[in-house]
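So the structure is just underneath, and the comments pick up after that.
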Amino acid sequence: MEIKILSGKEVSDAVYSALKNRITTLKSKSITPGLAVVLVGEDPASQIYVRSKTRKFLNLGLYSETIQYSASITQDELIYKINELNNDGAFHGILVQLPLPNHIDGDMVINAIDPNKDVDGFHPYNLGCLASGKPIFIPCTPKGIMRIFDHYNITLSGKHVVVVGRSNIVGRPISILTSLKQANANGTTTICHSSTNNISYYTKQADIIILAIGSPEFLKGDDIKKGAIIIDVGINRVTDNSPKGYTLVGDGDYSSLNGKASAMTPVPGGVGPMTIAMLVENTVEAAERTLR
Ligand code: NDP
């Protein structure tokens, strides 16, 4: 069976095309969607993620500013800064790049973001709306996965979806989204995590497997049934002798899944580009909501 590659690049290009008119309309009303990215400390991976997000905003003619703080900032100081951003009309969205230093309670900081500017969808208000089936801002990675399903006409209704991983950023919200009672969802969803015994017992029954654990090439061809669809969220750096010194791999072992799975998102180029596209879309949405 030849595997179909579910390209996040292709889907994200379609998202950006669809956003063009919405951005033009906003600009005709003197509104440029703006994103504040709050970066604390010097974590190299966070700096790379933030740069790629900011670059995309600027390329699309949107506004984005990275507000960098030293790792020694206190929690109270950071929350004070978030409050300033809540009241700054230039920013329709606020993103706090995680992880934060250990002395800062990330939940307290996320809770300080105005839910109307919470374009990452991590605020308890937005997570609650999602859980009750009336989402406003949906976390970007799970939202991007749902858009991949839509784009490639993958229906979830009547399918068994197995999500491996239960973080608040990916696993938990995608398990809610896939099982919502709505036209493009209606999946029958099982969640696996680090305390699940014999994960392959579940993945072998799955029509669709969503991997979000951060464990390189965890899922093998023998762990799935023929024809399963794999959404690989994992991004893992594996050190090797390549010029860069490392290769990025997903949570799925592409070489053994190829030939058994019917379709799969690549790493890189799968879910990653969709996460950024959904951040842009949520920020445009936040700007539009200021007009309502
Ligand atoms: P977290 O570390 O927050 O959560 C990992 C989850 O996986 C936890 O629920 C954990 O279980 C579970 N888990 C870990 N190891 C195993 C295992 N061996 N078997 C079963 N379950 C396991 O990670 P994130 O959700 O933030 O990210 C997951 C991966 O996705 C990472 O590689 C990350 O880099 C990537 N990612 C990619 C994005 C993209 O845009 N492509 C965006 C966000 C993340 P437990 O709850 O029991 O601890």
Side-chain angles (χ1 to χ4, degrees), residues 6-8 10-12 14-15 18-19 93 95 98 110 115-116 118-193 196 199 202-203 205-214 219 228-235 250-252 263-265 267 270-286 289:
L6 306 173
S7 165
E10 180 183 313
V11 189
S12 62
V15 170
L19 283 174
L95 178 158
L98 302 174
I110 299 295
N116 292 307
D118 172 39
V119 287
D120 250 345
F122 297 160
H123 190 285
Y125 177 79
N126 282 315
L127 288 175
C129 290
L130 173 62
S132 63
K134 296 181 179 59
I136 301 170
F137 290 117
I138 301 174
C140 301
T141 303
K143 187 180 184 190
I145 294 170
M146 296 304 283
R147 208 54 73 79
I148 290 173
F149 291 141
D150 287 346
H151 183 90
Y152 288 104
N153 293 319
I154 297 169
T155 51
L156 307 187
S157 183
K159 304 272 175 60
H160 184 194
V161 181
V162 171
V163 177
V164 192
R166 59 177 167 185
S167 72
N168 285 342
I169 294 172
V170 191
R172 179 77 57 198
I174 193 62
S175 70
I176 295 170
L177 281 168
T178 52
S179 60
L180 283 180
K181 186 169 184 173
Q182 62 182 38
N184 56 350
N186 269 323
T188 304
T189 302
T190 299
I191 314 177
C192 299
H193 43 74
T196 304
I199 289 180
Y202 300 95
T203 54
Q205 299 174 43
D207 302 299
I208 297 168
I209 301 168
I210 301 172
L211 298 167
I213 57 177
L219 189 83
I229 294 170
I230 316 290
I231 304 294
D232 193 347
V233 183
I235 303 177
D251 290 345
M264 183 166 175
T265 55
V267 177
V271 176
M274 289 309 296
T275 299
I276 297 182
M278 293 300 103
L279 178 65
V280 174
E281 188 177 271
N282 280 353
T283 306
V284 170
E285 167 81 22
R289 288 170 68 86

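This one's a predicted model, so the numbers in the text were calculated from it and none came from an experiment.
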**Fill in**
Interatomic distance, CG@Leu211 vs CE@Met264, rounded to 0.5 Å, equals 7.0 Å
**Request:** Under the side-chain hydrogen bond (donor to acceptor under 3.5 Å, both in side chains) rule, collect the residues that match up with Asp251, sequence neighbours excluded.
**Result:** Asn236
With a cut-off of 3.5 Å and sequence neighbours excluded, list every side-chain donor-acceptor pair involving residues 123-130.
unit_1, atom_1, unit_2, atom_2, d
His123, ND1, Tyr125, N, 2.9
His123, NE2, Asn111, O, 3.2
Asn126, ND2, Pro115, O, 3.2
Asn126, ND2, Asp118, OD2, 2.7

**Asked** How long is the gap from CD1 on Ile208 to CZ on Phe149, to the nearest 0.5 Å?
**Response** 5.0 Å
**Message:** When you compare the side chains of Ser175 and Thr189, does any donor N or O come within less than 3.5 Å of an acceptor on the partner?
**Reply:** no
**Request:** Give the C-alpha distance, both sets of side-chain angles, the deciding distance and a yes or no for side-chain contact (heavy atoms from CB on, under 4.5 Å) between Ile154 and Leu6.
**Result:** CA-CA 11 Å; Ile154 297 169; Leu6 306 173; 4.1 Å; yes
**Asked** Got a sec, which residues hit side-chain hydrogen bond (donor to acceptor under 3.5 Å, both in side chains) with Thr196, two or more places apart in sequence or on another chain?
**Response** none
**Prompt:** Which residues pass the side-chain hydrogen bond (donor to acceptor under 3.5 Å, both in side chains) test with Asp150, sequence neighbours left out?
**Reply:** none
**From CD1 (Ile145) to SG (Cys140), nearest 0.5 Å** = 11.5 Å
For residues 274-281, run the donor-acceptor check on the side chains, cut-off 3.5 Å, and write out each pair with its distance to 0.1 Å, sequence neighbours left out.
unit_1, atom_1, unit_2, atom_2, d
Thr275, OG1, Thr141, OG1, 3.0
Thr275, OG1, Val271, O, 3.3
Glu281, OE1, Arg147, NH1, 3.0
Glu281, OE2, Lys143, NZ, 2.9
Glu281, OE2, Arg147, NH2, 2.6

**Asked** Side chains of Ile229 and Tyr152: does their closest heavy-atom pair fall under 4.5 Å?
**Response** no
**Item:** Gap between atom CD of Glu285 and atom CD1 of Ile136 - 0.5 Å precision
**Value:** 9.5 Å
In residues 161-174, what donor-acceptor pairs under 3.5 Å come from side-chain atoms, sequence neighbours left out?
unit_1, atom_1, unit_2, atom_2, d
Arg166, NH1, His193, NE2, 3.4
Ser167, OG, Ile169, N, 3.4
Ser167, OG, Val170, N, 3.1

**Item:** Side-chain donor or acceptor of Asp232 paired with backbone N/O of Gly252 under 3.5 Å
**Value:** yes
**Those residues that, when tested against Ser179, pass side-chain hydrogen bond (donor to acceptor under 3.5 Å, both in side chains) (two or more places apart)** = none
**Message:** Within the 4.5 Å heavy-atom criterion, are Met146 and Leu156 side-chain neighbours or not?
**Reply:** yes
**Message:** To the closest 0.5 Å, what do you measure between OG1 (Thr203) and CD1 (Ile210)?
**Reply:** 13.5 Å
**Message:** What's the separation between atom OG1 in Thr283 and atom CZ in Phe137, rounded to the nearest 0.5 Å?
**Reply:** 8.0 Å
**Item:** Phe122 backbone acceptor or donor facing Asp120 side chain under 3.5 Å
**Value:** no
**Asked** Can you find a heavy atom in the side chain of Gln182 that is under 4.5 Å from one in the side chain of Asn184?
**Response** yes
**Request:** Report yes or no: does Asp207 contribute a side-chain atom to a donor-acceptor pair with the main-chain N or O of Lys159 at less than 3.5 Å?
**Result:** no
